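Numbers restart at 1 for each chain; the letters A, B, ... are given by sequence-line order, proteins then strands. What you see is a predicted model, and the numbers here were worked out from it, not measured in a lab.
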Amino acid sequence: MFWSQLYVPTLRETPAEAEVVSHQLLLRAGYVRQLAAGIYSYLPLAQRSLLKIQQIIREEMDAIGGQEMLLPALNPAEVWKESGRWDVMGDNMFRLKDRFGRELCLGMTHEEVMTSLARGEVRSYKQLPQIWYQIQTKFRDEPRPKSGLLRVRQFLMKDSYSFDLLPAGLDVSYEKHRVAYNKIFERCGLKFIAVEAHSGAMGGSQSHEFMVESNAGEDLVVVCESAGYGANLEKAVSRPLAPATADDETPLEPEEFPTPNQKTIAELVAFTGVAATGLIKSVVYVGDEKPYLCLLRGDHQLSETKFSSATGAVEVRPAHPAEIQDWFGAAPGSLGPVGVKNMPILADLTLEGRHNLITGANKDDFHLRNVTPGEDFTATFHDLRQVAEGDTHLETGAPLKIVKTVEIGHIFKLGYKYSESMGLKVSDQDGKEVTVIMGSYGIGVERILCAAIELFHDENGMSMPASIAPFQVVITPASYLDPAVKAAGEQLYKECKALGLDALLDDRDERPGMKFKDAELIGIPYRITIGKKLPNGIVEVQTRRGRTSADVAISEAAAHVAQLIRG
RNA sequence: CGGGGCGUGGCUCAGCCUGGUAGAGCGCCUGGUUCGGGUCCAGGAGGCCGGAGGUUCGAAUCCUCUCGCCCCGACCA
């Protein structure tokens, strides 16, 4: 490709609306333009990069026996009603009606359509297992699109679905995907981690997320490198910090004391002089419209996900202040478990075996001291708390890190959720009908591009991995007016193409400085500069990442770059 | 949906408070100049100031409504 024939509208200044680096650079480097909130047009550079990402995904999916299909993005309501997700998806689903008033939606994922397809086709266990996939546009009416291409309303997803006769088969399909995903993200040049995840509204038993560490990310992940542990914060477990001071274990009766206007844990710590670890935090949550009192150590936070698992509740929310007043006769800030009879009390495991703690008295502006779980109130103990900074690995005690990440892939063991509700069955060896077991597996295509930019950039622009850069090498004749330099550039371009390199020749009549700036901004991993040393048969090969360069004989230059790309 | 910010040429922004002929830099076009890190000089094109309504002799500027975008929160298979 000749640069003069490529539409690359680079911007000298960063557009005002862009906050995160990948968004700023995608705009500045002329990769994308915004049409509306969370809706983007992909210009030639982005499209080239995205096609390369998709090709890598295809190759690795095909390698595990995946079969590419393309399902409709426009879906009838019926299949979504069958699975129950027509209602579950709520406002996140784009809905429309056809001219006859029939309800339709734009697909936000394709479990329903895939299951519907499979139940019409697959009859026998002999046809299993199957792995079906597509790379397709998904639509989600995000409440708040943000961060450029990281959270959008229309995006490309590789989604695949496995169909197996038996759970052991699902394990195999899941493992195949896990391996394939590792290969895909490695080939895309990313640094990533695979972590245990919560399955959320997808349903199912086991799931892993593939995450790239980035400040632009929205997901918090707990990792322990030495123990090889990684989990989404909502799912992670840890060994907590020990209480700041040992409990006084003498048997004492609860004792009320005034705490005027002391509502938060921080205020109580300052007021009483007792460390947060000596307090019981009381949080009232509503699960499926039933109230629960949740108790945590003062320095801990409730994990809604764990609350949901402990209670089995699907719909979870904090109680409203008015409800709390009703149930406790006191306002939040003075709540506690002693004497509570009208709802289940769930206590975090860290409170088991503790003595003489401080908690609310269920009377405004009063707290109780000398409250001992198991003696002064009874509760069931569960893991309810979110992992906190400073916690250590549950088994090894090694330090844990909490990092911000971008999710680029997610794999789920769905189990029978969709096959059951939608009636996907096959005959087994004995001629009996058996419900098929499924998995589903997604990759956010644009997020790979964003993650690569977030991971690899400097003050001069992007520094794309060679495998997914829009071009692998740019040939930059310092002056296109010098006939010898021009001829050498065109010759070198041909040599690069002959070696199979995806090359770009900067044939523009621009000053060298401008060409260098542009090439670095758009992130081409290698640049061959033809200039001053051409009379000696020498050109310069620059590596974008780190901006190191080497003089190379012009006859060797193409091969040299090919060598660098192969690693 | 709650809170905050911003809409003025393609981009970055000034002008608004205190109403009176719409500005700068970059980019774009023409000519010249220069040619290894976003050259320099001269000339030029391009904006009904997001939209609607109101106040006023007169509105980018004041008032009301509305639309859009960004950020924080809620939310997030």
Side-chain angles (χ1 to χ4, degrees), chain A residues 9-20 23-24 27-28 30 33-40 80 83-93 107-112 138-148 150-153 155 157 159 197-204 207 209 216-220 232 234 304-305 314-318 406-407 409-412 414 417-418 440-442 444 459-461 476-482 485-486 506 508-521 527-534 538-540 542 547 549 551:
Chain A
T10 57
L11 268 27
R12 197 182 280 249
E13 283 166 294
T14 301
E17 76 264 16
E19 198 98 340
V20 305
H23 189 200
Q24 293 177 344
L27 291 170
R28 268 198 69 201
R33 290 293 182 256
Q34 183 175 32
L35 178 63
I39 305 178
Y40 287 84
W80 288 86
S83 72
R85 291 208 294 182
W86 180 259
D87 295 322
V88 171
M89 292 308 190
D91 288 338
N92 271 13
M93 180 181 262
M108 43 199 303
T109 174
H110 276 70
E111 282 76 14
E112 282 80 358
K138 300 289 190 250
F139 299 88
R140 296 183 188 183
D141 194 358
E142 289 289 340
R144 187 149 89 83
K146 57 185 275 202
S147 308
L150 279 172
R151 180 165 292 282
V152 288
R153 296 194 288 173
F155 59 97
M157 180 188 257
D159 48 322
H198 179 64
S199 347
M202 293 299 291
S207 108
E209 287 170 324
E218 304 185 88
D219 285 306
L220 293 171
N232 194 300
E234 49 182 26
E304 286 196 6
T305 309
V314 177
E315 221 162 280
V316 167
R317 63 169 174 89
V406 172
E407 178 186 349
H410 202 159
I411 56 180
F412 298 89
L414 292 175
K417 181 176 161 110
Y418 300 93
S440 91
Y441 317 86
E459 63 282 0
N460 298 299
T476 308
S479 168
Y480 218 64
L481 298 177
D482 180 328
V485 170
K486 176 179 178 197
D506 194 345
R508 296 175 298 170
D509 177 18
E510 293 290 353
R511 293 170 62 84
M514 165 127 179
K515 295 184 179 184
F516 297 154
K517 289 283 186 197
D518 271 350
E520 287 176 7
L521 179 59
R527 185 181 83 211
I528 305 175
T529 310
I530 304 169
K532 290 188 291 223
K533 295 173 189 159
L534 178 63
I538 301 290
V539 296
E540 184 185 316
Q542 194 217 47
R547 296 219 288 177
S549 58
D551 285 349

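A gap of 15 Å separates the P atoms of B:G7 and B:C49, to the nearest Å. Going from the P atom of B:C48 to that of B:A42 covers 29 Å, rounded to whole Å. Annotation: B:A74 and B:A45 have their C1' atoms spaced 49 Å apart (nearest Å). One P atom belongs to B:G73, the other to B:U66, and the distance between them is 27 Å to the nearest Å. Comparing the P positions of B:G53 and B:A59 gives a spacing of 13 Å, expressed to the nearest Å.
With respect to A:Arg85 and A:Glu111, a salt bridge is recorded, a charged nitrogen being found less than 4.0 Å from a carboxylate O.
Of all nucleotides present, none satisfies the Watson-Crick or G-U wobble test against B:U18 with each distance under 3.5 Å.
Contact annotation for A:Asp518: base contact, defined as any heavy-atom pair under 4.0 Å involving a base atom. In this structure, A:Arg317 reaches neither bases nor backbone, as no heavy-atom distance under 4.0 Å exists between it and the strands shown. As judged by a 4.0 angstrom heavy-atom cut-off over every strand, A:Lys146 is placed among residues touching the sugar-phosphate backbone only.
For A:Pro143, whose side chain is taken as the heavy atoms from C-beta onward, the closest listed nucleotide among B:A74, B:C11, B:C70 is B:A74. Distance from the side chain of A:Arg28 is smallest for B:G38 among the nucleotides B:C35, B:G36, B:G38. Comparing B:C72, B:C75, B:C70 against the side chain of A:Ala37 picks out B:C70 as the nearest. Among B:G36, B:C11, B:C70, the nucleotide with an atom closest to any side-chain atom of A:Glu17 is B:C70. Side chain of A:Phe516, nearest nucleotide from B:C35, B:G38, B:G37: B:G37.
Here A:Gln34 reaches the OP1 or OP2 of B:C70: one of its side-chain N or O atoms lies under 4.0 Å away.
Side-chain atoms of A:Arg151 come within donor-acceptor range of the base of B:C76, with a qualifying N/O pair under 3.5 Å.
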Inset, instruction - Please lay out, stage by stage, how A:Lys517 and A:Asn460 fare under the test side-chain contact (heavy atoms from CB on, under 4.5 Å). - result: CA-CA 7 Å; A:Lys517 289 283 186 197; A:Asn460 298 299; 4.3 Å; yes
Inset, instruction - Give the C-alpha distance, both sets of side-chain angles, the deciding distance and a yes or no for side-chain contact (heavy atoms from CB on, under 4.5 Å) between A:Leu481 and A:Asp509. - result: CA-CA 7 Å; A:Leu481 298 177; A:Asp509 177 18; 3.8 Å; yes
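Checked by atom type, the side-chain pair A:Ser147/A:His23 shows no donor-acceptor distance below 3.5 Å.
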